[in-house]
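Keep in mind that the numbers below use all heavy atoms, side chains included, and drop hydrogens, waters and symmetry copies. Since this is a predicted model, take the numbers as computed values, not measurements. Along the sequence shown, residues are numbered consecutively beginning with 1.
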Amino acid sequence: MNRPVEEMKQPYARRWWALLVLCLSLLIIVMANTALTVAAPDMTKDLGLSSSDLQWVIDGYTVPYAALMLLLGAIGDKYSRRGALVLGLVVFGAGSVAGSLVDSSGGVIAARAVMGFGAAMIMPATLSLLAATFPRAERAKAIVLWTATAGLAIAAGPLVAGALLEDHGWASTFLINVPIVVIAIVGAFVLVPPSKAGHSNRIDYVGGALSVVWTGALVYMIIQGPHFGWDAKAISAAVVAGVGLLAFVAWELRHPHPILNVRRFLDRRFAGSNLAVALFFLAVFGAFYYLTQHLQFVLGYNPLETGVRMLPLAGAVFVGSALTGYLTPRIGMKITVSAGMVAGTVALALLTRVDASSSYGDFVAPLIILGLAIGLALSPCTDAIMGAFPESELGVGGAVNDTSLELGGSLGIAILGSVLASSYSSKLSDAAAASGAKLPDGTLDTAQDSVGAGYAVAQGIGDKAHEVAGQAAKATSPEQAAQLKGQAEQLAQGAGKMADAVGSAFSDAVAHTSLVGAAILGVGTVVVAVLLPRKSASVAAAAANTAVPEGADADAGVREREPQR
């Protein structure tokens, strides 16, 4: 497909097939994060990863992904949005191949960083190509499907990874990306029309560089501080992020053609939409982080079984997305988004009832409600964010939406993950003391590191009990046999009590963390509801966006228009 979409007099005939390619590209870059939560235990065992190593294996993808999207989105706008998509897919695929071949923590982290670089090109390109290819009358429907794909990817990642880990090693979770990348590249050339901005303004590379600095430093601080302590690295990153953000805003306010017109954030609809996206993914990624651990470690499901049990979330996202297409035009964006955020808060509040006796059935309703909430809230917000940008800056618009998403997800894992770790450590100490278990020296400190480490300690004590029991069977005297048998029984009891204490402590920590998440999302819901304009303002903005005379240049009415203030 070689004809640029900007030269087409009529809507592109195969635009829905093109959307399939864009959604496929989105699917793999979101799954790259969620699949790793299931593959992490095997990777940790095989590569001997420390908790620090594992954290950076996960977040080595996040830092370049979040930091580079704005600059790469602007470059894609100017030169080629489809070119950015294809190049991003090539880089992402190369990083996936490298990740499957390396055998060290440093190698996996580097491969994940390369994948993050590719994803930073892919993510804004999918939204900008969607917005450029679809007429405004159909754009909201296309964005609904785009959002639903993101929700599906969140739940599909563990399912696919779990299926692969049944018969293959963790490297397969990297390699599975390669055939999908090849299909997406071919589909991009065959089905997706070329597109780029209609102006020849020079790119604001200084603003772009400043955005990389402050966003990258902020994400690094979010990761480093809560997980590894507020040391010199975390504090330095915080200072760099603050200074970089101030410099970025000052530069963009004075530049004649800024990479991002920061005055757009004075528009309540635009600011409220970005805040809603960030808060939602803070809640979703944070909850996903501890729910997958609870299903695997406490309830004992294997990776595939864990993935299957996350499917209600994916199905509910599709239902919620379908509802938003019906509700938003009738009751307005403000009510639809606010209802979605209230539902998300309710879902997290329901998780506060989790305890040591909870079964999977106690998680089904929160998962379904959370999925419905994602579908209800995110599609209107993404549509509003994209609608705030002229046709020449669609890549930047997609990057702004995706940066809000990624910053929210990073904050969710950092904040709620930190609360989870602190709560688990404290509650495990109390539970172990209440159980009266006699533990070998140092084992409690090790068990407090994570729920996985806690069960590993319990398993280790159990293995020691079997070893001592074997020695008792081979003892040469009745006295020695009785002594060893007593030790074995004591160790076996300690292993059982330790496992019970770990499960109880982590369940209580999940409930406590869910309460914190519900409080954050609940306060955010009130703020977003205040920021978003009433239905009349939303409808007026939508009408202004579509009011282009028949036969006129569709870009002319929006190219230079600033958002409503």
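Here the CG-CE distance, from Asn401 to Met123, works out to 7.5 Å after rounding to the nearest 0.5 Å. Once rounded to the nearest 0.5 Å, the distance linking CG of Asn274 with SG of Cys381 reads 8.5 Å.
The minimum heavy-atom distance between Met1 and Arg82, with the atom names listed, is O-NH1, 2.6 Å. Nearest heavy atom pair, residue Thr324 against residue Ser379, reads CG2-CB, 3.8 Å. Closest approach of Ser96 to Asn177, counting heavy atoms only: OG-ND2, 3.2 Å. Of all non-hydrogen atoms in Asp204 and Pro258, the two that sit nearest each other are OD2-CA, 3.7 Å. Nearest heavy-atom pair, Val5 versus Thr133, reported as atom, atom and distance to 0.1 Å: CG2-CA, 3.9 Å. The minimum heavy-atom distance linking Leu521 with Ala283 is given by the pair CD2-CB, 3.9 Å.
Applying the salt bridge (charged side-chain N to carboxylate O under 4.0 Å, His left out) rule to pairs touching residues 9-35 yields Arg15-Glu138, sequence neighbours excluded.
Using a 4.5 Å heavy-atom threshold, the side chains of Ser25 and Leu85 count as touching. Looking at heavy atoms from C-beta onward, Met115 lies out of side-chain contact with Val91 at the 4.5 angstrom threshold. By the 4.5 Å heavy-atom criterion applied to side chains, Met31 and Val160 are counted as neighbours. A heavy-atom distance below 4.5 Å is not found between the side chains of Leu531 and Phe270. Counting heavy atoms from C-beta on, the side chains of Pro533 and Lys334 never come closer than 4.5 Å. At least one side-chain heavy atom of Leu145 sits under 4.5 Å from a side-chain heavy atom of Trp16. Residues Tyr205 and Leu71 meet the side-chain proximity criterion, which asks for heavy atoms closer than 4.5 Å. Within the 4.5 Å cutoff, side-chain heavy atoms of Leu19 are placed close to those of Leu130.
Trp146 and Thr126 share a donor-acceptor pair across their side chains, judged by distance under 3.5 Å alone. No hydrogens or angles considered: nothing links the side chains of Ser211 and Thr215 as a donor-acceptor pair under 3.5 Å.
Classified by interplanar angle (parallel below 30°, tilted 30° to 60°, perpendicular above 60°), the ring pair His255/His257 is perpendicular.
Of the charged side-chain nitrogens involved, none lies within less than 4.0 Å of a carboxylate oxygen, so that Lys196 and Glu393 do not count as a salt-bridged pair.
Both cation-pi conditions hold for Arg264 and Phe389: the charged atom is under 6.0 angstrom from the six-membered ring centre and inside a 45 degree cone around its axis. Judged by a 6.0 Å distance limit and a 45° cone about the ring axis, Arg330 is positioned over the six-membered ring of Tyr326.
Here the side chain of Arg269 pairs no donor or acceptor atom with the backbone of Ser273 at under 3.5 angstrom.
Contacts of Tyr65 classified as ring-ring contact (aromatic ring centres under 6.0 Å, His included), with partners at least two apart in sequence or in another chain: Tyr61.
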